[in-house]
Amino acid sequence: MVFVRGLKILAILYRGGDAAKQEPRLLGTVENELGLRSWLESQGHEYIVSDDKEGPNSVFQKQIQDADILITTPFHPGYVTPEVFNKAKNLKVCVTAGVGSDHINLNTAIDKKVQVLEVTGSNVTSVAEHVVMNMLLLVRNFVPAHEMIERGDWDVSQVARNAFDLEGKVIGTIGAGRIGHRVLQRVLPFNPKELVYYDYNPLPEEAAKAVGARRIDTVEELVSQCDVVTVNCPLHEGTRGLINADLLKKFKPGAWLVNTARGAICDKFAVADALKSGQLRGYAGDVWDVQPAPKDHPWRAMKNPLGGGNGMVPHYSGTTLDAQQRYAAGTKSILEKYFQGKEQEPANVIVGIGKWATKAYGQR
């Protein structure tokens, strides 16, 4: 039985265009609306969906003023700043259709008593697979080799001189939560020299033992020991700009760095400079400090001294068709519980009413 009716629900999603019309499983798009319209309207709610989120006259800025619920994705986020919260007089719930709610000012959400929920676990397999793919394409120097074939050239030495094996390397993750742990599980069969991790929450003893991972006390110590570093932690006050020029100097010369967490964890100019100098041999990921990334973003065209090392793509690691099915279903479940006055799954609650409900966004 539904207890709540007549709410205004605003969803900021990404535009799928012809692809979304041809592929209805692209649920996270404006065209396919998370598959929620008919259900929401049958429950007596108003559902507004748009990708227009920039500027004071955008659909987002106008409609948020009297919206009760906001749904947005990490892939085309509607940024809920303190100023937006002040406009949003009726806002009660922010739902992330996916994982990662750093586009919402969480401290202000607490002050305003707005709940923040996300579909925890919906993207973990998808992102962990993307991380492993990024490691391999960097270490094996895949992108320059493929580009050579596209050009019609054939010069094995030009690509082989910067290609290595993943076997025998020290691989470390900054963050060993649901994704970081799965990354460690998936790279273990490549027979690395060692797996290490940094996280203020240690892995459970059995989980750490199963992957043979050694915990390191500081980020500085971790990066100094690793051939491959992967970032798998949320963006919050403690991780914004974590990988900066000073920390990059402490990396092993010629290390590879993969970031599928959040772009703003890394200083974009420092990363580009480190790649250009060769301090980093490669950088790959799908997350950017602003999304969509501007055309002049330094990560679009940065290269190492041998003309490779760039594995950047749009933010899509967590929005495979399989992941979209999971986060669309999870969003519906969150809304259904809210409408019926039921308790949410604890793992999905980032901010409760006026309080933190997770340790994932830093030590509180």
Side-chain angles (χ1 to χ4, degrees), residues 100 102-103 106-107 131 134-135 138-139 162 164 169-177 179-180 183-184 192-202 213-291 293-294 296-306 308-312 315 359-364:
D102 50 273
H103 54 283
L106 299 175
N107 290 318
V131 172
N134 280 175
M135 288 183 186
L138 288 181
V139 172
N162 208 24
F164 299 82
K169 303 297 185 291
V170 178
I171 301 171
T173 175
I174 299 172
I179 294 172
V183 170
L184 296 175
K193 181 178 180 181
E194 189 177 18
L195 294 178
V196 296
Y197 76 97
Y198 167 79
D199 198 314
Y200 54 82
N201 290 315
R214 175 169 61 92
R215 188 184 183 204
I216 292 182
D217 291 335
T218 68
V219 175
E220 290 81 4
E221 188 180 353
L222 180 136
V223 301
S224 71
Q225 297 181 31
C226 289
D227 301 293
V228 183
V229 176
T230 172
V231 182
N232 298 291
C233 58
L235 174 64
H236 53 75
E237 299 97 322
T239 61
R240 185 177 295 275
L242 174 67
I243 299 180
N244 52 33
D246 289 338
L247 186 64
L248 284 162
K249 291 174 185 174
K250 296 179 172 65
F251 275 63
K252 272 188 179 182
W256 297 276
L257 176 59
V258 175
N259 178 16
T260 57
R262 285 295 181 267
I265 294 172
C266 296
D267 181 316
K268 60 186 174 185
F269 298 112
V271 166
D273 289 344
L275 190 61
K276 183 179 180 180
S277 72
Q279 175 64 10
L280 284 181
R281 198 181 299 270
Y283 181 87
D286 68 325
V287 288
W288 307 71
D289 56 332
V290 177
Q291 294 184 179
D296 62 351
H297 197 290
W299 290 355
R300 285 184 180 265
M302 62 184 180
K303 301 283 186 184
N304 64 25
L306 296 178
N310 188 331
M312 292 304 297
H315 191 182
K359 295 180 180 179
Y361 286 79
Q363 292 173 292
R364 304 289 171 183

Student: Between Cys233 and Ala261, which heavy-atom pair has the shortest distance, and what is it?
Tutor: O-CB, 3.2 Å
Student: Using the test side-chain contact (heavy atoms from CB on, under 4.5 Å), find all partners of Pro305 that sit at least two apart in sequence or belong to another chain.
Tutor: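 Residues passing side-chain contact (heavy atoms from CB on, under 4.5 Å) with Pro305: none at all.
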Student: Between Trp288 and Trp299, how do the two ring planes meet: parallel, tilted or perpendicular, split at 30° and 60°?
Tutor: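 Ring orientation, 0 to 90° scale: tilted.
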Student: Quick check against the 3.5 Å criterion: does Asn310 have a side-chain atom that pairs as donor or acceptor with the backbone of Lys303?
Tutor: no
Student: About how many Å separate CG of Leu242 and CG of Asn259, when rounded to the nearest 0.5 Å?
Tutor: 10.0 Å
Student: Does a side-chain heavy-atom distance below 4.5 Å link Arg281 with Leu138?
Tutor: no
Student: With sequence neighbours excluded, what pairs up with Leu280 under the side-chain contact (heavy atoms from CB on, under 4.5 Å) test?
Tutor: Leu248, Phe251, Leu257, Val271, Ala274, Leu275
Student: Would a 4.5 Å heavy-atom cut-off, applied to side chains only, mark Trp256 and Met135 as touching?
Tutor: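 Heavy-atom side-chain distance check fails, nothing below 4.5 Å.
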Student: Should Asn304 and Asn162 count as side-chain neighbours, where that means a heavy-atom distance under 4.5 Å?
Tutor: yes
Student: With rounding to the nearest 0.5 angstrom, report the CG to CD1 distance, Leu247 to Ile174.
Tutor: 6.5 Å
Student: Could you pull out all residues at least two apart from Tyr198 that satisfy ring pair (Phe, Tyr, Trp, His ring centres under 6.0 Å)?
Tutor: none
Student: Hey, what do you get for OH (Tyr283) to CG (Asn134), rounding to the nearest 0.5 Å?
Tutor: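 Result: 9.5 Å between the selected atoms.
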Student: Do Arg262 and His103 have side-chain heavy atoms sitting under 4.5 Å apart?
Tutor: no
Student: Side chains of Val183 and Thr173, heavy atoms from C-beta outward: is any pair under 4.5 Å?
Tutor: no
Student: When rounded to the nearest 0.5 angstrom, what is the spacing between CD in Gln279 and NZ in Lys250?
Tutor: 11.0 Å
Student: Return the CG to CZ distance between Leu195 and Arg214, rounded to the nearest 0.5 Å.
Tutor: 10.5 Å
Student: Which residues pass the salt bridge (Lys or Arg N to Asp or Glu O under 4.0 Å) test with Glu220, not counting sequence neighbours?
Tutor: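 Residues passing salt bridge (Lys or Arg N to Asp or Glu O under 4.0 Å) with Glu220: none at all.
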Student: Taking the inter-plane angle between the rings of His236 and Tyr200 on a 0 to 90° scale, is it parallel (under 30°), tilted (30 to 60°) or perpendicular (over 60°)?
Tutor: perpendicular
Student: Looking at side-chain heavy atoms only, is the closest gap between Asp227 and Lys193 below 4.5 Å?
Tutor: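 No; the side chains remain at least 4.5 Å from each other.
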Student: Return the set of residues passing salt bridge (Lys or Arg N to Asp or Glu O under 4.0 Å) with Lys169 (not counting sequence neighbours), or none when no residue passes.
Tutor: none
Student: Within the structure provided, determine whether Val196 and Cys226 are in side-chain contact (heavy-atom separation under 4.5 Å).
Tutor: yes
Student: Could you check whether Arg215 pairs with Asp199 (Lys NZ or Arg NE/NH1/NH2 to Asp/Glu carboxylate O, under 4.0 Å)?
Tutor: no
Student: Can you name the nearest heavy-atom pair linking Gly285 to Thr260, along with the distance?
Tutor: CA-CG2, 4.3 Å
Student: Asp289: what forms a side chain to side chain donor-acceptor pair (under 3.5 Å) with it, not counting sequence neighbours?
Tutor: Lys268, His297
Student: Just by distance, do the side chain of Thr230 and the backbone of Gly180 share a donor-acceptor pair under 3.5 Å?
Tutor: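 Here the side-chain-to-backbone pair does not exist.
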Student: Is the number of heavy atoms from other residues, nucleotides or ligands under 6.0 Å of Lys276 NZ greater than 12?
Tutor: no
